Amino acid sequence: MRFPTSRFPASRFPTLKYDLTASLVVFLVALPLCVGVAVASGVPAELGLITGIVGGLVTGLLPGSSLQVSGPAAGLTVLVAETVQRFGLPALGLVVAAAGLLQLLLGALRWGRWFRAISVAVVEGMLAGIGLVIIAGQLYAMADRPAPASGIDKLLGLPTLLARLVSSPAAGGTFLIGAGTIAVIVLWQRLPARARVVPGALVAVVLATAATWLLDRPMKKVEVKGLLDAVQPPGTGAFEQFTPALIVTVVAFTLVASAESLFSAAAVDRLHDGPRTDYDKELMAQGAGNALCGALGALPMTAVIVRSATNVQAGARTKASRVLHGVWLLLFAALLPAALGVIPVAALAGVLVHAGFKLLPFKQFGPLWREHRPEALVLLATAVAIVTVNMFEGVLIGLGLSVVKTAWETSRLHVETEEQPEGHVRVRLTGNATFLRLPRLLDTLEALPADRVVELDLSGLRHLDHACQTALTTWTERHNVRAPEEVRLIPALAGRV
């Protein structure tokens with residue numbers, strides 16, 4: 001008996017084979033990163049898997065972006081670690097849930113598109129600062145040593161860590177496991193494309209685990225509780241911690257997670273020819289995922305460019321690939337949780353060190369320095385502020401500097417003074433007269449001789465703010481008292497002075 005071809009799954013789901021293959025590849029990339037981000041954040045490894053599962057099964061089903069993949073991100077590691085250290089693990093779920101609800105509100109208000117207005121230099125600087133803190137912190141984990149709390153202390157403590165590696169064979173051996181993990185990931189990228197179907201991070205972790213078992217060295221392993229045991233919904237006591245400091249932390253999570261997700265969406269849209277991202281819907285999808293992650297006490301989620309690019313490059317055609325990757329994470333966490341307990345922490349630290357290096361804008365900084373030096377300085381200042389202060393305040397410093405830079409550049413005012421044949425002095429103003437240029441403007445006007453007739457040409461001004469308008473009015477009134485003739489105003493904005 002012959003069946004109509006339309007009844008076969010292949011005809012009903014013509015893209016299924018592509019999405020299925022892509023989902024397996026993304027799962028293999030996401031698995032070590034979900035676990036590594038959780039361990040680096042100082043929370044149980046299973047919480048990273050829960051966030052990856054929610055990112056696939058919940059956020060993956062919602063409208064917004066069709067191909068980008070969500071889960072725990074290295075970019076939020078520093079902020080999560082700071083939150084856990086300051087408020088405790090029970091408060092993490094409350095913070096993440098509140099951030100998710102705020103994302104839902106911003107998406108409903110159609111604010112998603114405005115996140116694209118954030119300066120690229122600030123975003124690159126934020127990622128660079130986070131990358132430096134991740135690298136410095138995970139170098140300690142590679143040696144099975146506790147890392148200092150602040151970013152600057154992590155960097156300043158590296159010489160002491162190096163001395164310990166030289167003097168302690170045990171610490172040196174553990175560090176070599178992490179260094180070997182990094183080496184495998186880097187070398188794996190140089191292999192033919194057929195071999196690279198299996199992600200390098202997964203291969204590196206498997207080899208590091210095997211080497212640890214063969215060498216039979218005492219080494220810190222990933223602690224496993226089980227998926228259900230790791231779930232920690234916020235208790236009633238967590239709401240008592242809802243202080244102004246916690247609200248600031250919620251805002252930080254919201255801004256950073258939203259910006260990273262929507263910038264990732266813009267980058268992913270450039271990698272494929274499919275449907276474009278609806279930024280407001282994507283922000284709401286991220287909010288729904290974070291609200292659920294918070295209810296489960298898990299890590300916050302963002303869209304992750306590494307997993308998203310892998311999804312596109314593996315041939316994904318629809319959102320089915322990202323949903324299926326969540327299914328594979330769920331099956332692994334439910335059926336093979338003991339497999340996590342044999343993984344050395346040093347290997348996961350090596351994966352995170354490599355991820356941290358990928359956050360550093362090596363390729364972008366050179367052209368930016370040559371062509372847009374003020375933007376490059378904003379990038380550097382943001383990165384340094386994050387390392388020396390903290391994540392949220394560092395981003396605020398970067399945003400503030402970006403606004404000041406933009407205001408300074410747009411406030412271009414040219415002041416020209418020229419002698420007229422009839423003995424008058426003409427002062428011509430062109431550009432934008434704002435308070436930032438007020439000192440130079442007043443210096444020029446106050447240097448004019450009091451016994452001369454002055455023509456003030458404002459026809460070239462495109463903008464005159466209140467501070468400059470007031471200063472011009474005050475100077476004109478004072479000059480008219482002493483001058484042989486009142487200041488002659490040439491129109492355009494003259495009526496306002």
Side-chain angles (χ1 to χ4, degrees), residues 106 109-126 255 259 262-263 266 279 368-382 385 395-420 422 424-450 452-483 485-497:
L106 294 176
L109 294 175
R110 303 183 64 80
W111 280 28
R113 68 194 69 183
W114 291 104
F115 280 92
R116 292 184 291 170
I118 298 176
S119 167
V120 175
V122 174
V123 176
E124 294 285 357
M126 176 188 74
L255 293 178
L262 298 181
F263 271 99
Y279 288 90
L368 192 65
W369 180 262
R370 292 191 296 270
E371 300 171 13
H372 304 283
R373 190 158 296 180
E375 288 284 317
L377 292 175
V378 170
L379 188 158
L380 284 175
T382 304
V395 172
L396 290 181
I397 290 172
L399 289 173
L401 290 175
S402 180
V403 170
V404 170
K405 178 197 72 69
T406 302
W408 181 261
E409 290 180 344
T410 56
S411 178
R412 295 185 181 277
L413 177 66
H414 298 281
V415 184
E416 299 176 1
T417 304
E418 56 184 24
E419 297 281 346
Q420 298 298 305
E422 60 271 24
H424 300 163
V425 178
R426 170 173 288 187
V427 180
R428 178 174 172 78
L429 307 182
T430 57
N432 298 307
T434 70
F435 70 95
L436 294 174
R437 306 292 179 171
L438 192 54
R440 178 189 175 192
L441 174 61
L442 289 176
D443 287 344
T444 301
L445 293 176
E446 291 171 356
L448 295 174
R452 302 279 295 277
V453 176
V454 176
E455 292 182 355
L456 192 56
D457 185 354
L458 308 179
S459 60
L461 284 180
R462 294 190 296 272
H463 175 70
L464 178 66
D465 73 1
H466 181 263
C468 285
Q469 179 183 341
T470 301
L472 287 174
T473 301
T474 303
W475 175 84
T476 300
E477 291 173 350
R478 289 205 311 266
H479 185 81
N480 289 342
V481 172
R482 297 174 295 172
E485 186 178 327
E486 290 188 354
V487 174
R488 300 176 183 178
L489 296 175
I490 298 179
L493 294 176
R496 295 177 56 185
V497 178

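Keep in mind it's a predicted model, so treat the numbers as computed, not measured. Side chains included, hydrogens not; waters and symmetry mates left out as well; all remaining heavy atoms used.
With values rounded to the nearest 0.5 angstrom, R412 atom CZ is found 11.5 Å from T434 atom OG1. In this structure, the separation between NE2 on H466 and OG1 on T473 is 8.5 Å, given to the nearest 0.5 Å. Note: E485 CD to H479 NE2 = 9.5 Å, rounded to the nearest 0.5 Å. The line from CG of L413 to OG1 of T430 is 6.5 Å long, rounded to the nearest 0.5 Å. Taken from NE2 in H424 to CZ in R488, the straight-line distance is 4.0 Å, to the nearest 0.5 Å. With rounding to the nearest 0.5 Å, the separation of CG in L429 from CG in L445 is 7.0 Å.
Taking E477 as the reference, nothing meets the salt bridge (charged side-chain N to carboxylate O under 4.0 Å, His left out) condition, with sequence neighbours excluded. Listed by chain and number, the residues in a salt bridge (charged side-chain N to carboxylate O under 4.0 Å, His left out) with E371 amount to none (sequence neighbours excluded). Residues satisfying the side chain to side chain donor-acceptor pair (under 3.5 Å) test with H372, not counting sequence neighbours, are none. Scored by the side chain to side chain donor-acceptor pair (under 3.5 Å) test, R478 finds no partners at all (sequence neighbours excluded). Judged as a salt bridge (charged side-chain N to carboxylate O under 4.0 Å, His left out), and not counting sequence neighbours, the contacts of R428 are D457. When the salt bridge (charged side-chain N to carboxylate O under 4.0 Å, His left out) test is applied to R426, the partners found at least two apart in sequence or on another chain are E455.
Around the CZ atom of R110, the shell of radius 6.0 Å holds no more than 12 heavy atoms that belong to other residues, nucleotides or ligands. At most 12 heavy atoms of other shown residues, nucleotides or ligands fall within 6.0 angstrom of atom CD in E486.
Nearest heavy atoms, T382 versus G125: CG2-C, 3.8 Å. Nearest approach of C468 to F435, heavy atoms of both residues: SG-N, 4.1 Å. Taking every heavy atom of both residues into account, W475 and L448 meet most closely at CZ2-CD1, 3.8 Å.
Contact of the L399 side chain with the V403 side chain is not registered, since no non-hydrogen atoms from C-beta on lie closer than 4.5 Å. Residues V454 and V427 have side chains in contact (heavy-atom distance under 4.5 Å, counting atoms from C-beta outward).
Formation of a donor-acceptor pair under 3.5 Å by the S402 side chain with backbone atoms of G398 is not found in this model.
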So L472 and L464, side chain to side chain contact (heavy atoms under 4.5 Å, CB included) or not? Walk me through it. CA-CA 10 Å; L472 287 174; L464 178 66; 4.0 Å; yes
Any chance you could lay out the side chain to side chain contact (heavy atoms under 4.5 Å, CB included) test for D465 and L438, step after step, and finish with the verdict? CA-CA 10 Å; D465 73 1; L438 192 54; over 6 Å; no
